[in-house]
Amino acid sequence: MARIVMKFGGTSMAGTERIRRVARIVKRQQDAGHEVAVVVSAMAGETDRLVNFCREANSLYDPAEYDVVVASGEQVTSGLLAIALQALGANARSWLGWQLPIKTVEAHAKARIDSIDAEALIAEMQRGVIAVIPGFQGMSEDGRVTTLGRGGSDTSAVAVAAAVKADRCDIYTDVDGVYTTDPRIVAKARKLANVTYEEMLELASVGAKVLQTRSVGLAMKEGVRVQVLSSFIDDDAPAADTIPGTMIVSDEELEGMDMERQLITGIAHDKNEAKITLTRVPDKPGAVANIFGPLAEAAINVDMIIQNVGRDKGETDVTFTVPAADLARSLDLLEGAKESIGFNRIIPDTNVAKISVVGVGMKSHAGVASTMFKALADRGVNIQAISTSEIKVSVLIEEDYTELAVRVLHTAYGLDAVEA
Ligand code: ADP
Ligand code: ASP
Ligand code: MG
């Protein structure tokens, strides 16, 4: 007997037919003797639809009321799954975020989970009740509905798993595991049996949306065992306990089982960045601080930065990237600080994408970046900015070349699946 938290994403929950299939998968785990809690997403497309309603009502909407609106998508699916489970003869009930409660801190629309009161939940699970919990939502310190940021149901699932001390957190989605790159872009992407927390964290943070970045950070911190696997399976598919998907493991665990480790684990892309260039900034101490100070104060995350070779007359161009969603605000702030910064022109560009290669193997290997630059150059893809970390190299390119770049790099690092 084990205690399992199962999470089902939006595509898996899209419509009653799929919800019935999810109910069968859940029931099967309970029939195998496990204690089960389920975390669900809203139906695919529903959260976007609800976000649009808020925008239509007022583009400067109150984030607290936005949370009330967008959290409703998960309320619907949690109730529907409980109904579908009851139809199979299971004892199931839903617990909304405010009922458990899942207490959150910080801002509406991007709240962070502070604590989950799991005592009652554990008692019910031990009695054989299947707990169905809507992902993405919680309750603020003053008792209001909050949401965790897009893709947040993954984080809800990991947090519930940590709170009930689950043996495993299974994240069911529309692909059967974590691949060397998005399998929807590269047909030759290979499924990974294991990936380390550190690598998954880096991959998620540079655009591999299969797991929300925060869910991986939380799993790493709390030692939650996470498996990514498919919900699009037949009733006689191998059980989740046989680990048909991808396990997220610690570095030590992986070393024990994987002698032939690849240099590069995976490649990710992110089209949600925007580039800003400020021309003719004074080339003197303090100039860069004047640019990034106002952005930092507004909690805008600056990612890649390049200061170009100085022009004549002690001036230089500075280029950097911000999340595309923060572009308008960034331009506004920079215009406002034009005098103190002292630039000439501001040039925004949203037609960019960030391509990243990730792998712990690069800690001990030289030449990873040069392979990347050469492979892209050979295909005529121009690199506009570069950033690196210990286990990652990222480049900024023109957005139209995204798919080509990912494919070319996948081949260049020898990641392509060998055809059967
Ligand atoms: P869910 O609705 O279940 O949360 P998401 O759409 O958030 O699902 O995440 C699953 C998607 O992530 C897949 O359909 C796939 O296109 C994408 N994806 C991106 N990178 C990867 C990767 N390296 N491995 C697997 N899937 C990936
Ligand atoms: N429904 C939310 C979203 O679409 C949360 C999630 O699915 O993880 O962002
Ligand atoms: Mg998701």
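Just so you know, ligand 1 is whichever comes first in the structure, and atom 1 is the first atom listed for that ligand.
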Exercise for the section: For ligand 1, find out whether one of its N or O atoms is nearer than 3.5 Å to an N or O atom of D154. Expected result: no
Practice task
Tell me which part of A44 gets within contact of ligand 1: side chain, backbone, both or neither, using heavy atoms under 4.0 Å.
Solution key: neither
Completion exercise
Note: F136 and G149 closest approach over all heavy atoms is CE1-O, 3.2 Å
Problem - Distance filter under 4.0 Å to V178 heavy atoms, resulting ligand 1 atoms - result: 24 (N)
Problem - Test item: side-chain donor near acceptor, S94 and S78, under 3.5 Å - result: no
Completion exercise
Those residues with a heavy-atom separation under 4.0 Å from ligand 2 are S41, T47, E74, F136, R150, G151, G152, S153
Practice task
Show which atoms of ligand 1 fall inside a sub-4.0 Å distance from at least one heavy-atom site of D174.
Solution key: 10 (C), 11 (C), 13 (C), 14 (O)
Problem - Side chains of D67 and T147, donor plus acceptor under 3.5 Å - result: yes
Problem - Donor-acceptor pair between T180 and H410 side chains, under 3.5 angstrom - result: yes
Practice task
For K7, counting its heavy atoms only, list the atoms of ligand 1 lying under 4.0 Å from any of them.
Solution key: 4 (O)
Exercise for the section: Compute whether any side-chain donor of one residue and acceptor of the other, for H34 and D241, lie under 3.5 angstrom apart. Expected result: yes
Practice task
Answer with yes or no whether the side chains of D174 and T11 bring together a donor and an acceptor at under 3.5 Å.
Solution key: yes
Practice task
Classify the contact between M13 and ligand 1 as side chain, backbone, both or neither, using a heavy-atom distance cut-off of under 4.0 Å.
Solution key: neither
Exercise for the section: Using modelled atom types only, decide if a donor and an acceptor are shared between the side chain of D303 and the backbone of T321 within a distance under 3.5 Å. Expected result: no
Exercise for the section: May I ask you to check whether D416 and T411 show a side-chain donor-acceptor distance below 3.5 Å? Expected result: yes
Practice task
Can you sort out which atoms of ligand 1 are near Y179, meaning under 4.0 Å from one of its heavy atoms?
Solution key: 22 (C), 23 (N), 24 (N), 25 (C)
Exercise for the section: If you have a sec, work out which protein heavy atom is nearest atom 15 (C) of ligand 1 and how many Å separate them, to one decimal? Expected result: D182 OD1, 3.4 Å
Practice task
Using distance alone, determine whether P183 and ligand 1 share an N or O pair under 3.5 Å.
Solution key: no
Practice task
Determine whether I347 and T279 make a side-chain contact, defined as any pair of heavy atoms from C-beta on separated by less than 4.5 Å.
Solution key: yes
Completion exercise
Checking heavy atoms under 4.0 Å, the part of T181 that sits near ligand 1 is backbone
Problem - G177 heavy atom under 4.0 Å from ligand 1 - result: yes
Exercise for the section: Examine T180 against ligand 1 and note whether any of their N/O atoms are separated by less than 3.5 Å. Expected result: no
Exercise for the section: For atom 2 (O) of ligand 1, find the nearest protein heavy atom and state the residue, atom name and distance (0.1 Å precision). Expected result: G10 N, 3.1 Å
Problem - T196 side chain to E199 side chain, donor-acceptor N/O pair below 3.5 angstrom - result: yes
Fill in the blank from the handout: salt bridge (charged side-chain N to carboxylate O under 4.0 Å, His left out) test vs K354 passes for just one of E398, E399, E273, namely E273
Exercise for the section: Between V210 and ligand 1, find which residue part has any heavy-atom pair under 4.0 Å and reply side chain, backbone, both or neither. Expected result: both
Exercise for the section: Give a yes/no verdict on whether any heavy atom in S12 is under 4.0 Å from an atom of ligand 1. Expected result: no
Completion exercise
The side chain to side chain contact (heavy atoms under 4.5 Å, CB included) partners of L50 (sequence neighbours excluded) come to E46, F53, V69, V70, S72
Completion exercise
Any heavy atom of K209 under 4.0 Å from ligand 1? The part involved is both
Exercise for the section: Fit a plane to each ring of F8 and Y172, take the angle between them on a 0 to 90° scale, and name the class: parallel (under 30°), tilted (30 to 60°) or perpendicular (over 60°). Expected result: parallel
Problem - Polar side-chain atom of Q30 near backbone of A90 as donor-acceptor pair, under 3.5 Å - result: no
Problem - Those atoms of ligand 1 less than 4.0 Å from some heavy atom in T173 - result: 1 (P), 3 (O), 8 (O), 10 (C)
